[in-house]
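The structure under discussion appears below in the form of structure tokens.
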There are 2 protein chains.
Amino acid sequence: MEKQTVTIYDVAREAAVSMATVSRVVNGNPNVKPATRKKVLAVIERLDYRPNAVARGLASKRSTTVGVIIPDVTNIYFASLARGIDDIAMMYKYNIILTNSDDAGEQEVNVLNTLMAKQVDGVIFMGNHIDDKLRAEFKRAKAPVVLAGTVDPQGDTPSVNIDYAAAVEESVTNLIQRGHKKIALALGPLSQSINAEYRLTGYKRALNKAKLPYDDKLIYEAGYSYDAGTKLQPVIADSGATAVFVGDDEMAAGIINASIESGVSVPDDLEVITSNDTIVTQITRPSITSITQPLYDIGAVAMRMLTKLMNDKELDEKTVTLPYGIARRASTKSAE
Amino acid sequence: MEKQTVTIYDVAREAAVSMATVSRVVNGNPNVKPATRKKVLAVIERLDYRPNAVARGLASKRSTTVGVIIPDVTNIYFASLARGIDDIAMMYKYNIILTNSDDAGEQEVNVLNTLMAKQVDGVIFMGNHIDDKLRAEFKRAKAPVVLAGTVDPQGDTPSVNIDYAAAVEESVTNLIQRGHKKIALALGPLSQSINAEYRLTGYKRALNKAKLPYDDKLIYEAGYSYDAGTKLQPVIADSGATAVFVGDDEMAAGIINASIESGVSVPDDLEVITSNDTIVTQITRPSITSITQPLYDIGAVAMRMLTKLMNDKELDEKTVTLPYGIARRASTKSAE
DNA sequence: TATTTTCATGAAAGCGATTTCAATTGCTTT
DNA sequence: AAAGCAATTGAAATCGCTTTCATGAAAATA
């Protein structure tokens, strides 16, 4: 007992009009006499007709679907962007095909290709690193691509971000002003440009301005996880650093908990500032001072840009930089 | 300079074969002479032909896309399920259209309908409550639906869950065995059957077995959030409860932090057990004893079931119950 | 009233694949 | 060498909708 599907043809026949007319009323085309529209609408209602989006997509060459490439949905940072993306997409009647890439270059390219095969009207890409391969794929794709929370140092692709370098610079400068001389920097993989080219740059700029020496022994590369933080803590403690800027909230939580459990007081012996202002920063004790980012908005703005591109409109600015803030919590001392 | 798309027709012409043959080689149909296959493959390569999934979907009536309805991607619990779903989907060459429903009945119905319009081959639904309206929509949908981490007391729709009632019963029994007489229960909305019909039932069963009186003043209904927890804590403290079972990890974290800040020691004055074993349970101090659930697997198994249904196979069991565990951490005392 | 314009509508050609069915080809088997 | 079969292949219909173009009807202009 396969369920019978009602097609536009059935509606046309029942309403004694042509398919073209039915199509017009379904799509809100004004060139239909009110009486006709009403008649067609009644039949649609009666037959419970639902337009087939696939057929529509084939005929119109627009799928009203956008692809979203995300490293991992379970990562709260990216999930927050995804939420902003989906809300705006829904507002504009688009749906989201969401795929996890695990940040793996090869997978990212694959996924992008299957999305293009599905005829998505556009793509929002989130990831930690854009390499040449990917950049080339973006270029050959026939649908527009926008980066969300993702930096491309070459700036070829439209993107929405905060100024990571400035945020780190400001955070580290704060630490310096409170008298710290040895400030550690705990980041994710330096192969990712957000770390190597933005956060590190901000860090160096802060040191430079204060005429503090740069010591690469204070730069730590670890995973984006709680456990990575707990493992890293003794190393940081040994370095003699009295403050640390951390690139990931869970990592920061690990560092804090491990510090306290090993008798290192936070913030007295070690001040900690982290990057993403997730709920984690409020749950730890002490709570963690953090850069704040408008996560939802980064996604939302990226999606808005994409809708423009999908409608062949010009972008006001190709690279959007949203404002960041710094939420002071208990893992840092108050300014003097 | 619109990018020119290569169609199956172009390949057929260049390879001097029919579209049917090209279609066969693309789809791995064995009825093609090896030499022909090779020739076609070469042309495909040369022209960089990519089959149009929309056209394919229209012709074959299968979109190789499944819809996923999720309350909120930023909720780590559901996001974990989603990850399991996507991984298995990818394994079976399906893509995921992901939409947030905010647990709102009307929105859920809307979303389900747009998914059906997009001709998804199946749907995985996650939510906190299934009402009659939704149940009716599932029934009239022409694609199969599977519930993941979502209970339907009527059991009409295939689903994957743990035994929530048993898990709560076991947790509460543990508390009782350690001598607690007044055990609070902090849940999300009681309008949701997971709370009203499962967790509450488990709680009552534990009390019953121990011949402890049931007091509905010890049942608290709050939001699934950290702040809801901090607000709830003084109320629980006033009740005289010496232990609490909490339905959400962030809420539990809020209760714990607020307790400690108001001088209530955890676990000495208040033992806490929570439900979802997210990273939050490891970050708080004390860390939180929790029911453990195979979140990823719940999603993965649900997707596996869905693939069977989409291929008209019979399900071994319609209602799958995966095993849970209890991770003992510092918010409870050790057994005596 | 005759002539333009504007409106509403329908016919039919795609969109880019899959799939059925018939035709052809190439081997085997007598 | 003729007949029989299986393996390949192609022609053409179809999927359900959009969209162009032509046409007839109605309204506006002269």
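Letters go in sequence order (proteins before strands), and every chain restarts at 1.
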TODO: Would you kindly give the CG-to-P distance between Asp121(B) and dC15(D), to the nearest whole Å?
DONE: 18 Å

- [ ] Measure from CG on Asn31(B) to P on dA6(D) and round the result to the nearest Å.
- [x] 13 Å

Open item on the list: Using a 4.0 Å heavy-atom cut-off, does Val17(B) contact any base of the nucleic acid, only the sugar-phosphate backbone, or nothing at all?
Closed with: sugar-phosphate

Open item on the list: I'd like to check Val73(A) versus Phe78(A) (side-chain heavy atoms, cut-off strictly below 4.5 Å). Are they in contact?
Closed with: no

- [ ] Mind running a 4.0 Å heavy-atom check of residues 39-47 of chain B against DNA chain C and sending the residues that fall below it, in number order?
- [x] none

- [ ] Among the candidates dT18(D), dG10(C), dT18(C), find the nucleotide nearest to the side-chain atoms of Arg56(B).
- [x] dT18(C)

Open item on the list: Of the options dG16(C), dT9(D), dC17(D), whose atoms approach the side-chain atoms of Leu58(A) most closely?
Closed with: dG16(C)

- [ ] Provide, to the nearest angstrom, the distance between the CG atom belonging to Asp10(A) and the P atom belonging to dC15(D).
- [x] 11 Å

- [ ] Specify the separation, in whole Å, of atom CD of Gln119(B) and atom P of dG16(D).
- [x] 9 Å

Open item on the list: Using the side-chain heavy atoms of Thr21(B), tell me which of these nucleotides is nearest: dA17(C), dT9(D), dC15(D).
Closed with: dT9(D)

- [ ] Indicate whether OP1 or OP2 belonging to dT18(D) is found under 4.0 Å from a side-chain N or O atom of Ser23(A).
- [x] yes

- [ ] Look at the side chain of Ser18(B) and decide which nucleotide, out of dG16(C), dG10(D), dA8(C), has an atom nearest to it.
- [x] dG10(D)

Task: From dT18(C), dG16(D), dG10(C), nucleotide with atom closest to Asn27(B) side chain - done: dT18(C)

- [ ] Report the residue (Gly57(A) or Pro30(B)) whose heavy-atom-nearest nucleotide on DNA chain D is the more 5′ of the two.
- [x] Pro30(B)

Return a table of donor-acceptor pairs under 3.5 angstrom between the side chains of residues 26-35 of chain B and protein atoms on other chains or two or more places apart.
{"from": "Asn27(B)", "atom 1": "ND2", "to": "Ser23(B)", "atom 2": "O", "distance (Å)": "2.8"}
{"from": "Asn27(B)", "atom 1": "ND2", "to": "Ser23(B)", "atom 2": "OG", "distance (Å)": "3.4"}
{"from": "Asn29(B)", "atom 1": "OD1", "to": "Asn31(B)", "atom 2": "N", "distance (Å)": "2.8"}

Task: Residue Asn52(B), side-chain heavy atoms: nucleotide from dT19(D), dA17(C), dG14(C) that is nearest - done: dA17(C)

Task: Integer-rounded Å distance: dA8(C) P and Lys38(A) NZ - done: 17 Å

TODO: Return no unless some side-chain N or O of Tyr9(B) is found under 4.0 Å from OP1 or OP2 of dA12(D).
DONE: no

Task: Candidates dT9(D), dG10(C), dG10(D) - which lies nearest the side chain of Ala20(A) - done: dG10(C)

TODO: Run the numbers on Tyr296(B) and Asp87(B) for side chain to side chain donor-acceptor pair (under 3.5 Å), then give the verdict.
DONE: CA-CA 9 Å; Tyr296(B) 180 94; Asp87(B) 282 1; 2.5 Å; yes

Open item on the list: Just to be sure I understand the rule, does Ala16(A) reach a base, reach only the sugar-phosphate, or reach nothing, if contact means heavy atoms closer than 4.0 Å?
Closed with: sugar-phosphate

Open item on the list: Among dT9(D), dC17(D), dC15(D), which nucleotide has an atom closest to any side-chain atom of Thr36(B)?
Closed with: dT9(D)

Open item on the list: Please report whether the ring centroid of Phe125(B) lies less than 6.0 Å from that of Phe138(B).
Closed with: yes

Open item on the list: Heavy atoms from C-beta onward define the side chain here; which of dT18(C), dG16(C), dC17(D) lies closest to that of Thr7(B)?
Closed with: dG16(C)

Task: NZ/NE/NH1/NH2 to OD/OE distance under 4.0 Å, Asp156(B) and Lys318(B) - done: no

Open item on the list: Ignoring hydrogens, what is the shortest heavy-atom contact between Met116(B) and Lys142(B)? Give both atom names and the distance.
Closed with: CE-N, 3.6 Å

TODO: Examine dG16(D): is either OP1 or OP2 under 4.0 Å from a nitrogen or oxygen in the side chain of Lys61(B)? Give yes or no.
DONE: yes

TODO: Answer yes when Arg83(B) and Asp86(B) have at least one side-chain N-carboxylate O distance shorter than 4.0 Å, and no when they do not.
DONE: no

- [ ] Write down the atom of Asn100(B), the atom of Gln107(B), and the distance for their closest heavy-atom approach.
- [x] O-NE2, 3.8 Å

Open item on the list: Please report the distance, rounded to the nearest Å, between CZ in Arg13(A) and P in dG16(D).
Closed with: 13 Å

Task: Heavy-atom donor-acceptor pair, Arg24(B) side-chain to dG10(D) base, under 3.5 Å - done: yes

Open item on the list: If the threshold is 4.0 Å, N to carboxylate O, is there a salt bridge linking Arg46(B) and Asp48(B)?
Closed with: no

Task: Closest listed nucleotide, where the reference is the side chain of Ile8(A) and the choices are dA17(C), dT18(D), dC15(C) - done: dT18(D)

TODO: Give one of base, sugar-phosphate or nothing for Val32(B), where a contact means two heavy atoms less than 4.0 Å apart.
DONE: sugar-phosphate

- [ ] Figure out the NZ/P separation between Lys33(B) and dG10(D), and round it to whole Å.
- [x] 10 Å

Task: Nucleotide dG16(D), atom P - distance to CZ of Arg62(A) in whole Å - done: 23 Å

